[in-house]
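Structure, as structure tokens:
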Amino acid sequence: MSRNAELAGLLQQMADLMELTGADRFRVAAHARASRTVDSITQDIDELADDRDALLAVDGIGAKMADKIQEFSRTGRIGEHEALLQEVPPGLLGVMDVPGLGPKTVRLLWKELGVEGVDDLKRVIDDGSILNLPRMGEKTVANIRDALVFARASAERTPLGVALPAALALVQRLEGVKGVSRVEYAGSVRRGRATIGDVDILACAEDGGAAHEMFRAMPEVEKVLASGETKTSVRLLTSRNKRLQADLRTVGREHYGAALLYFTGSKEHNVRLRERAIRMGMTLNEYGLYKESKGKKTEGSPQSRGEKPVASRTEEDIYAALGLPWIPPELREGAGELDHPADHDFGLIEIADIKAELHAHTDASDGRMSIVELAERAKERGFHTIAVTDHSKSQPIAGGLHPDRLREHIEHIHAARSRVKGITILAGSEVDILADGSLDYDDELLAKLDIVVASPHAALKQDPDAATRRLLRAIAHPLVHILGHPTGRLINRREGMSPDIRALALAAAEHGTALEINANWMRLDLRDAHVRMALDISPDTLIAIDCDVHSESDFDQLGFGVLTARRGGLTPSRCVNTWPAKKLHAWLKSKR
Ligand code: DGT
Ligand code: CA
Ligand code: CA
Ligand code: ZN
């Protein structure tokens, strides 16, 4: 998380907490507005905070807000935020995370029904007392109950978008510790899984004492779970007030590669590697790859007998000694990745391959930037093309555009082209796929657009058959280029639809429609397994990786989308965002 995003999250939480504690609504609004402002400004917040006049010149930041921002910049905290946290039961924040429950309702639940946590919420749903609150009908309650059930089923795994920045911050701090020569995150974070059980950090140090001491003493450590000479386990409180476990292991240079391989996993990958080692007359463990000691005394492990490993310093050495190429961590799931011939180049897509963003919102709907700002930010990222795809009319909450406003918007997009040179600005729409698979604009209007991303936003509880039929209709529509976030899932919050991905992929290949991996870490939709299925079923499947940009920082979501794509085995040529401008534009025109 960037510092701007961290501060924005903190200010938004202050607004929520104030609403919970019944603060003046102008103060609530001021903090919510400041949060949006901080999230959308392009300058680094710490730089800005150094210059109080510049800070005060920002729209919506007054003297008091400037104080808070400067406090955050200096100390990483805001005292008033911590005071607010003291005022509410800690469990109430968990209640606020339940989809469909805003601070106003949560305040009522707390004050009227004594709800202080998710368990209490469940109780007032079960005994029906929740229905006594104003504006709380059977249907709303049923939705809350569903959300609760889903949140429990996906209990406690942390989204990659929260765990990865936390892991990076730990790595950076450990890099500064005396005696530490190398640090990396391992485990499921390194493999890029969409959700993370705990963060695993590996540091190279002949004496790891100082590293473990630092790790235990970090300010965000809530509890030390285990501590030894080579391993420490702690529970952290992240800046979003979420709990996250982190494990640190230290290992000497001689064994670093073996340890990195072991702790990156997955467990299944490790098992396959060990079986392969055994077939080759060797043993593999977290210290190295060793020759099987035939006939010799075999008490203890090879390293404890002081044996010299065949390979142990780098992952490459170990894979090579096993007759394998180095395998990208994203593929290490024990799903056939060892079956490739030794000279196979996986050739997976990388962030640098992406040259276009094809799903972005402006302030015409629910985005924060103007068309010109959006185009400039995209250009700074080195993109040759940016598509402006605001919401369509059935999304009034997201500022969806009525047909007349879209016609006007298209004019504005065309006008912006002369103001930002060196990047192609496409006029597009993220058009809703309605429940029956029809689109939210008529064909005459869609045909005026350079690009159409069709996405489902409502009726996401459809049964799989209905969902498949609905999405197939959109895929086959001759004016649609991309199927946006196909299932509508939100990680840990909403299951989304379960369409037949193979059927979608076959149809998409036939009609030359790309399936989106929405890179936003809360979505990652398509998910990794879907990407693999879609690619496997036809050589013609096209994938789009898009950030669904609403504010500038959203361009940074790209990494999550690329990790997901790599886990699905995506190579650059099958991703439309990697194509040169000419090829991309020709594909878009082929549907006009
Ligand atoms: P997570 O934390 O649930 O998202 O998933 P991982 O893969 O990070 O799992 P974790 O943290 O339990 O362990 C990190 C790595 O250590 C794991 O990917 C492989 C290795 N590992 C842990 N336990 C075992 C085990 O019992 N056998 C083998 N072969 N490897 C293990
Ligand atoms: Ca882990
Ligand atoms: Ca672990
Ligand atoms: Zn959308």
Side-chain angles (χ1 to χ4, degrees), residues 154-160 162-164 166-167 170 184-202 225-226 231 233-234 236 244-249 251 258-278 283-287 329-330 332-334 358-361 365-367 387 389-392 394-395 397-400 428-433 440 452-458 460 474 482-491 494 496 516-520 522-523 525 528 544 546-550 554 557 567:
S154 45
E156 304 312 317
R157 286 187 69 84
T158 305
L160 183 61
V162 176
L164 183 56
L170 295 175
E184 273 164 288
Y185 52 77
S188 50
V189 177
R190 186 165 179 238
R191 302 200 310 281
R193 279 193 64 176
T195 63
I196 303 301
D198 67 4
V199 170
D200 301 280
I201 309 279
L202 182 68
L225 303 167
K231 177 177 170 178
S233 238
V234 297
L236 305 172
L244 179 64
Q245 186 181 321
D247 296 345
L248 169 68
R249 290 182 187 78
V251 56
L260 182 60
L261 181 61
Y262 181 87
F263 292 114
T264 297
S266 68
K267 205 166 157 178
E268 292 70 26
H269 181 76
N270 291 351
V271 168
R272 302 277 154 86
L273 284 181
R274 274 208 304 269
E275 288 167 356
R276 187 178 175 98
I278 288 166
T283 57
L284 175 64
N285 63 25
E286 61 198 273
Y287 298 97
E330 297 91 337
R332 300 184 193 171
E333 295 292 346
L358 301 176
H359 183 168
H361 301 266
S365 67
D366 61 348
T389 60
D390 281 296
H391 287 287
S392 62
S394 290
Q395 290 298 309
I397 303 170
S429 169
E430 183 187 16
V431 64
D432 245 53
I433 306 172
D440 203 17
V452 173
V453 178
S455 317
H457 288 108
L460 299 175
I482 297 174
L483 180 66
H485 48 71
T487 74
R489 74 124 162 205
L490 292 178
I491 288 173
R494 185 169 76 199
E516 180 183 81
I517 299 173
N518 193 295
N520 187 303
M522 292 195 266
R523 291 192 181 272
D525 173 21
D528 49 13
D546 284 315
C547 295
D548 199 346
V549 173
H550 286 76
D554 288 341
Q557 301 278 332
R567 289 176 59 80

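Being a predicted model, the structure only gives us computed values, none of them experimental. Just so you know, these numbers use all the heavy atoms, side chains as well, and skip hydrogens, waters and symmetry mates. Just so you know, ligand 1 is whichever comes first in the structure, and atom 1 is the first atom listed for that ligand.
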Q: Give a yes or no on whether atom 4 (O) of ligand 1 lies under 4.0 Å from any heavy atom of the protein.
A: yes
Q) What is the closest protein heavy atom to atom 12 (O) of ligand 1, and at what distance does it sit? A) D198 OD1, 4.8 Å
Q) Under 3.5 Å, side chain of T389 to main-chain N/O of A360, donor-acceptor pair present? A) yes
Q) What protein heavy atom sits nearest atom 15 (C) of ligand 1, and how far away is it? A) F263 O, 3.3 Å
Q.
With rounding to the nearest 0.5 angstrom, report the CG to OG distance, D432 to S392.
A. 4.0 Å
Q: Just do the side-chain contact (heavy atoms from CB on, under 4.5 Å) check on H457 and H391 with the steps written out, would you?
A: CA-CA 10 Å; H457 288 108; H391 287 287; 3.8 Å; yes
**Q.** atom 8 (O) of ligand 1 protein-contacted, heavy-atom criterion under 4.0 angstrom
**A.** yes
**Q.** Residue D247, metal the Ca ion (ligand 2), N/O/S under 3.0 Å
**A.** no
Q) Of the protein's non-hydrogen atoms, which lies at the shortest distance from atom 26 (O) of ligand 1, and what is that distance? A) K267 CE, 3.3 Å
Q.
Any carboxylate oxygen within less than 4.0 angstrom of a Lys/Arg side-chain nitrogen, looking at R567 and E333?
A. yes
Q. Which of the atoms of ligand 1 are close to G265, meaning less than 4.0 Å from one of its heavy atoms?
A. 17 (C), 18 (O), 19 (C)
Q) Checking S266 side chain against H269 main chain: does a donor-acceptor pair fall under 3.5 Å? A) yes
Q.
When you compare the side chains of Q557 and D548, does any donor N or O come within less than 3.5 Å of an acceptor on the partner?
A. no
Q: Within a distance under 4.0 Å of any heavy atom of G187, pick out the atoms of ligand 1 and give their elements.
A: 8 (O)
Q) Any donor and acceptor pair, going by atom type alone, linking the side chain of R193 with main-chain N or O of S188 inside 3.5 Å? A) no
Q | Apex the Zn ion (ligand 4); atoms E430 OE2 and H485 NE2; angle rounded to 10 degrees | A | 90°
Q) So what does the D198 O - the Ca ion (ligand 2) - D200 OD2 angle come to, to 10°? A) 100°
Q) Side chain, backbone, both or neither: which part of T264 has a heavy atom under 4.0 Å from ligand 1? A) backbone
Q: Using only N, O or S atoms, tell me which atom of H457 is closest to the Zn ion (ligand 4).
A: NE2
Q. What orientation do H550 and H361 show, parallel under 30°, tilted 30 to 60°, or perpendicular over 60°?
A. parallel
Q: State the CD1-OG1 distance between I491 and T195, to the nearest 0.5 angstrom.
A: 7.0 Å
Q.
Considering both backbone and side-chain atoms of R157, is one of its nitrogen or oxygen atoms within less than 3.5 Å of a nitrogen or oxygen in ligand 1?
A. yes
(Q) Would you say that more than 12 heavy atoms from the other residues, nucleotides or ligands in this model lie under 6.0 Å from the CZ of F263, or not? (A) yes
Q. Is any N or O atom of R274, backbone or side chain, closer than 3.5 Å to an N or O atom of ligand 1?
A. yes
Q. Does a donor on one side chain and an acceptor on the other come within less than 3.5 Å for S394 and D440?
A. yes
Q | Shortest protein heavy-atom distance from atom 16 (O) of ligand 1, along with the residue and atom involved | A | Y262 O, 3.6 Å
Q.
Under a 4.0 angstrom heavy-atom cut-off, which atoms of ligand 1 come close to G197?
A. 1 (P), 2 (O), 3 (O), 4 (O)
Q: Check each of E275, R276, R274 against L284 using the side chain to side chain contact (heavy atoms under 4.5 Å, CB included) test, and report the only one that passes.
A: R274
Q: Could you tell me which atoms of ligand 1, counted from 1 in the order shown, lie closer than 4.0 angstrom to a heavy atom of N270?
A: 19 (C), 20 (C), 29 (N), 30 (N)
Q. If you measure every N/O of R191 against every N/O of ligand 1, is any gap under 3.5 Å?
A. yes
**Q.** ligand 1-proximal atoms of S188, by part, heavy-atom distance under 4.0 Å
**A.** both
Q: Decide whether an N or O pair under 3.5 Å exists between I196 and ligand 1.
A: no
